[in-house]
Amino acid sequence: MTLYKHEMKQNSKGFLIWTLCVGLTCLGCILLYTSLENSVKDIADSFSNMGSVSTALGMDKMSLATLRGYYATEIAMMHNLLGAMFAAILGTGLLSKEEAGHTSEFLHTLPIRREWVVFQKYLAFLSNILLFNLVCAGMYLLGFLYMGEEINGKEMALFHFATSLMQIEIGTVCFLVSAFVKRNLTGAGLGISIMLFAADMMCRILPAIENLKYVTPFYYSNAADIFTEGKLNEAMLAIGAGITIVSFLAALFRYSSKDLAP
């Protein structure tokens with residue numbers, strides 16, 4: 001597992017930056033709720049009656065007048081988007097960086113199969129995503145405790161499980177892109193994550209494109225839905241898992257059979 005350890009070490013700086021930035025930003029927003037509470041309560045009803053905008057943001061289901069509702073509609077959405085961007089950046093660079101950095105010639109003279117290279121890199125990706133969510137979830141829980149608010153452990157666990165799967169799905173699709181290209185397409189990865197986020201917003205507003213919910217993983221990781229229903233959408237999770245598995249296998253096949261640039 002030498003390559004796995006190398007990838008974890010190489011990505012440690014980016015991991016720390018993203019984890020601290022996302023975790024501390026969202027934690028700060030939770031702690032700011034005390035100063036915003038009175039004003040938020042005054043406008044909560046207005047926000048919940050903004051039609052399609054309220055639907056897209058989940059404000060028709062959850063009230064901003066409570067920290068729980070504020071977390072589900074604001075903090076969780078921020079965590080979802082920023083976490084997806086982190087996963088996309090990580091996924092797009094794992095395989096393509098070897099050719100972009102002209103290190104593939106050295107790497108593939110080592111006595112290890114390409115499949116094992118792909119597996120170890122992907123395992124490092126999974127480790128980064130899971131650790132990112134564990135650390136961030138811990139920060140948010142500390143914020144709730146500091147605020148003296150009750151925490152529904154099941155809701156929090158379900159949301160962070162779903163958002164981890166969402167990030168893994170997006171990152172794996174970007175991992176597949178990484179297997180096809182010879183340079184790091186970070187912009188493409190960020191574009192994929194932002195487009196999928198926008199697709200989730202749009203399919204909640206426009207009935208004509210409602211079927212986009214089967215494409216975007218942001219749909220099943222929506223905190224307002226999870227907190228309201230108290231469960232995950234198993235059909236959507238199955239579709240997401242299928243996309244993740246197919247993308248990984250396609251990346252494995254492509255990278256194992258492509259001609260690598262020195």
Side-chain angles (χ1 to χ4, degrees), residues 4 76-77 79-96 114-134 154-155 157-181 185 188-204 206-258:
Y4 167 78
M77 183 176 64
H79 175 85
N80 267 352
L81 179 57
L82 294 176
M85 292 171 70
F86 170 59
I89 291 172
L90 196 60
T92 51
L94 280 172
L95 296 176
S96 60
R114 287 192 194 180
E115 292 84 356
W116 188 231
V117 170
V118 174
F119 176 78
Q120 290 191 67
K121 284 177 172 286
Y122 190 69
L123 186 60
F125 161 74
L126 292 178
S127 298
N128 274 273
I129 296 301
L130 294 177
L131 286 172
F132 167 80
N133 281 283
L134 282 172
K154 179 183 176 182
E155 290 177 350
L158 287 176
F159 166 66
H160 283 283
F161 174 74
T163 194
S164 297
L165 291 182
M166 176 271 289
Q167 292 163 26
I168 289 171
E169 181 181 346
I170 291 176
T172 305
V173 171
C174 293
F175 188 73
L176 172 59
V177 172
S178 179
F180 276 86
V181 298
L185 298 181
L190 290 174
I192 290 172
S193 58
I194 293 171
M195 257 192 336
L196 291 173
F197 177 77
D200 176 55
M201 295 285 113
M202 296 301 292
C203 74
R204 292 175 185 275
L206 303 174
I209 57 173
E210 183 183 1
N211 286 337
L212 275 179
K213 66 184 182 181
Y214 297 108
V215 177
T216 171
F218 283 96
Y219 194 89
Y220 65 71
S221 61
N222 183 278
D225 291 343
I226 295 171
F227 280 35
T228 302
E229 298 171 11
K231 62 180 182 179
L232 300 177
N233 189 317
E234 295 179 357
M236 297 295 184
L237 286 175
I239 292 172
I243 292 173
T244 301
I245 293 170
V246 169
S247 297
F248 172 71
L249 292 177
L252 181 65
F253 174 79
R254 172 60 182 168
Y255 194 78
S256 299
S257 58
K258 71 183 292 189

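Index from 1, following the sequence. Every heavy atom of this structure was used, including side-chain atoms; hydrogens, water molecules and symmetry mates were not. As the structure is a computational prediction, the values presented were derived from the model and not from experiment.
Residues satisfying the side chain to side chain donor-acceptor pair (under 3.5 Å) test with Y214, not counting sequence neighbours, are none. By the ring-ring contact (aromatic ring centres under 6.0 Å, His included) test, F125 is found to be paired with Y122, residues two or more places apart in sequence or in another chain being considered.
The aromatic ring centres of F86 and H79 sit 6.0 Å or more apart.
In this structure, the separation between CG on N128 and CG on L123 is 10.0 Å, given to the nearest 0.5 Å. Rounding to the nearest 0.5 angstrom, the gap separating the CG atom in L94 from the CG atom in L90 is 5.0 Å. Taking CD1 from I168 and OG1 from T244, the interatomic distance works out to 7.5 Å, rounded to the nearest 0.5 Å. In this structure, L126 CG and Q167 CD are separated by 11.5 Å, a value rounded to the nearest 0.5 Å. Summarising the geometry, atom CG belonging to N233 is positioned 11.0 Å from atom CG belonging to N222; distances are rounded to the nearest 0.5 Å.
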Item to complete: Apply the test side chain to side chain contact (heavy atoms under 4.5 Å, CB included) to residues F248 and V118: give CA-CA distance (whole Å), side-chain angles for both, the deciding distance (0.1 Å), then the verdict.
Response: CA-CA 9 Å; F248 172 71; V118 174; 4.1 Å; yes
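At least one donor-acceptor pair under 3.5 Å links the side chain of S164 to the backbone N or O of H160. No donor-acceptor pair under 3.5 Å is formed between the side chain of S221 and the backbone N or O of T163. With hydrogens and angles disregarded, a donor-acceptor distance shorter than 3.5 Å links the side chain of T228 to the backbone of A224.
With a 4.5 Å cut-off on side-chain heavy atoms, M77 and F218 do not count as touching. In this structure, the side chains of P217 and L165 stay at 4.5 Å or more apart for every pair of heavy atoms. Counting only heavy atoms from C-beta outward, the side chains of M85 and L82 approach each other to under 4.5 Å. Inter-residue side-chain proximity for R204 and D225 is flagged as met; some heavy-atom pair is nearer than 4.5 Å. Considering only heavy atoms from C-beta on, L252 stays 4.5 Å or farther from F175 through its side chain.
Other residues, nucleotides and ligands contribute at most 12 non-hydrogen atoms within 6.0 Å of the CZ atom of F161.
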